[in-house]
Amino acid sequence: MYLDRLEFKNDILIGIDPRCRIGAGVCLIAAVIHCSNPWLLAGIILGLFLCLIKDIRTVLLRLIPVNLMVLFLWLTLPLGVLTTGAGMTGGFGETGGGALGGALRRALIYTLRINAAALIYMGTIIPLGAGGLANALIKLRCPDKLISLFLLTYRYIFVMYERIFGAVRSLAIRRPRQNTLGRWASYTAVFSTALVSAFQRSWKISRAMQIRGFNGVIPLTRSFSWKKGDTLFFVFCLLLSSALWILNGALTGGSWNF
């Protein structure tokens, strides 16, 4: 849940109860991460892109860090293929060219699953924001201390980001010519200073909150109620999740390839 330029400006589910959105998102994500047909997953991703077309630039920017993590899967893929190609049988009983083809297919399926799940998350839960999600979790009777920890951590991540980003920009403008070793030593000093400052700031904030009577529980700041439309939407998402399971089973011959 980024601030500023990566926030969603258009909420496609505005007016839907946040609890309903969380439940619908969990159901749909659970369905897509068990899909094993690449064509079905590609169709789901295309449909999600069309639903989020108004914020397509934000969606694409958010998908960059997601796929950077997926990139590690593709970079380490040759290690498993070389092992199976050396005469060893892989976990799926494939060797040689069969091992390569199977590994590529599984990597593609995992990539599509992760992107589909990320897009569903962007459409259902992320537009709620940290405050809306916290209120929904309170209404869902989640542990109070866990919700408080989530909100405070969320806020302080961006405080740290602004502090480090400003220090790095200032360093780039003011520092003299340095070799690579000296440049990384400067970055080490910046990060260590920011870390010490974060500990001091967190201690001050904790003391200030305790003096003002904060008991670790964030109060409910928004009132909302479950409506008929929320029930219809949640039922629709349940039916859609079931349909994806059935369709995937039909396309894969009744087998689930994890």
Side-chain angles (χ1 to χ4, degrees), residues 1-3 6-63 66 109-110 112-144 146-147 150-151 154 218-252 254 256 258:
M1 295 182 181
Y2 296 95
L3 296 174
L6 290 183
E7 286 185 291
F8 284 98
K9 308 301 181 184
N10 302 281
D11 188 357
I12 61 175
L13 298 177
I14 190 169
I16 300 295
D17 190 289
R19 293 168 293 179
C20 178
R21 295 174 62 147
I22 293 174
V26 170
C27 291
L28 293 173
I29 290 174
V32 298
I33 64 175
H34 286 91
C35 288
S36 53
N37 185 279
W39 295 106
L40 177 59
L41 287 168
I44 293 171
I45 291 174
L46 178 60
L48 291 169
F49 269 121
L50 293 176
C51 292
L52 299 170
I53 193 66
K54 291 184 178 181
D55 284 309
I56 190 63
R57 182 177 179 277
T58 302
V59 170
L60 293 176
L61 288 174
R62 283 173 171 269
L63 284 177
V66 173
I109 290 174
Y110 287 137
L112 294 173
R113 285 176 178 175
I114 291 170
N115 280 272
L119 289 170
I120 293 172
Y121 186 59
M122 291 180 198
T124 56
I125 298 176
I126 287 181
L128 293 173
L133 181 57
N135 282 312
L137 294 176
I138 292 173
K139 296 283 280 188
L140 290 172
R141 301 293 189 272
C142 290
D144 295 328
L146 183 62
I147 298 170
F150 162 72
L151 271 178
Y154 167 81
I218 299 292
L220 185 67
T221 58
R222 176 187 169 190
S223 60
F224 45 84
S225 59
W226 192 281
K227 300 181 290 291
K228 182 179 179 181
D230 302 321
T231 302
L232 294 176
F233 178 74
F234 186 67
V235 171
F236 169 76
C237 291
L238 285 177
L239 294 176
L240 181 59
S241 301
S242 302
L244 290 176
W245 279 66
I246 296 171
L247 183 58
N248 180 80
L251 292 174
T252 56
W256 294 88
F258 298 101

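Along the sequence shown, residues carry numbers from 1. For clarity, every value in this text was computed on a predicted model and none was experimentally measured.
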So how far is it from [X] [atom1] to [Y] [atom2], rounded to the nearest 0.5 Å?
| X | Y | atom1 | atom2 | answer |
| --- | --- | --- | --- | --- |
| Ser242 | Leu247 | OG | CG | 12.5 Å |
| Met122 | Leu63 | CE | CG | 4.0 Å |
| Ile147 | Cys142 | CD1 | SG | 5.5 Å |
| Phe236 | Leu232 | CZ | CG | 11.0 Å |
| Thr124 | Leu119 | OG1 | CG | 10.5 Å |
| Leu61 | Ile56 | CG | CD1 | 10.0 Å |

Determine whether a donor-acceptor pair (N or O, by modelled atom type, separation under 3.5 Å) exists between the side chain of [X] and the backbone of [Y].
| X | Y | value |
| --- | --- | --- |
| Asn248 | Leu244 | no |
| Asn135 | Thr221 | yes |
| Asp55 | Thr58 | no |
| Arg222 | Leu220 | no |

For a 4.5 angstrom cut-off between non-hydrogen side-chain atoms, does [X] reach [Y]?
| X | Y | result |
| --- | --- | --- |
| Asp17 | Lys227 | no |
| Ile16 | Phe224 | no |
| Ile22 | Leu133 | yes |
| Phe8 | Val59 | yes |

[X] and [Y]: which non-hydrogen atoms are nearest, and at how many Å?
| X | Y | answer |
| --- | --- | --- |
| Leu13 | Gly123 | CD1-O, 3.7 Å |
| Ala24 | Phe233 | CB-CE2, 3.8 Å |
| Ser241 | Leu28 | OG-CD2, 3.5 Å |
| Ala136 | Pro18 | CB-CB, 3.6 Å |
| Pro219 | Ile138 | O-CD1, 3.9 Å |
| Ile44 | Cys35 | CD1-SG, 4.5 Å |

query = After noting the C-alpha distance and the side-chain angles of Phe49 and Leu60, does the key distance pass the side chain to side chain contact (heavy atoms under 4.5 Å, CB included) rule?
reply = CA-CA 10 Å; Phe49 269 121; Leu60 293 176; 3.9 Å; yes
Within 6.0 Å of CG in Leu50, more than 12 heavy atoms from elsewhere = yes
ask   = Ile45 pairs by side-chain contact (heavy atoms from CB on, under 4.5 Å) with which of Ile120, Val32, Leu112?
value = Leu112
key: Ion pair Arg21/Asp11, N-O distance below 4.0 Å   = yes
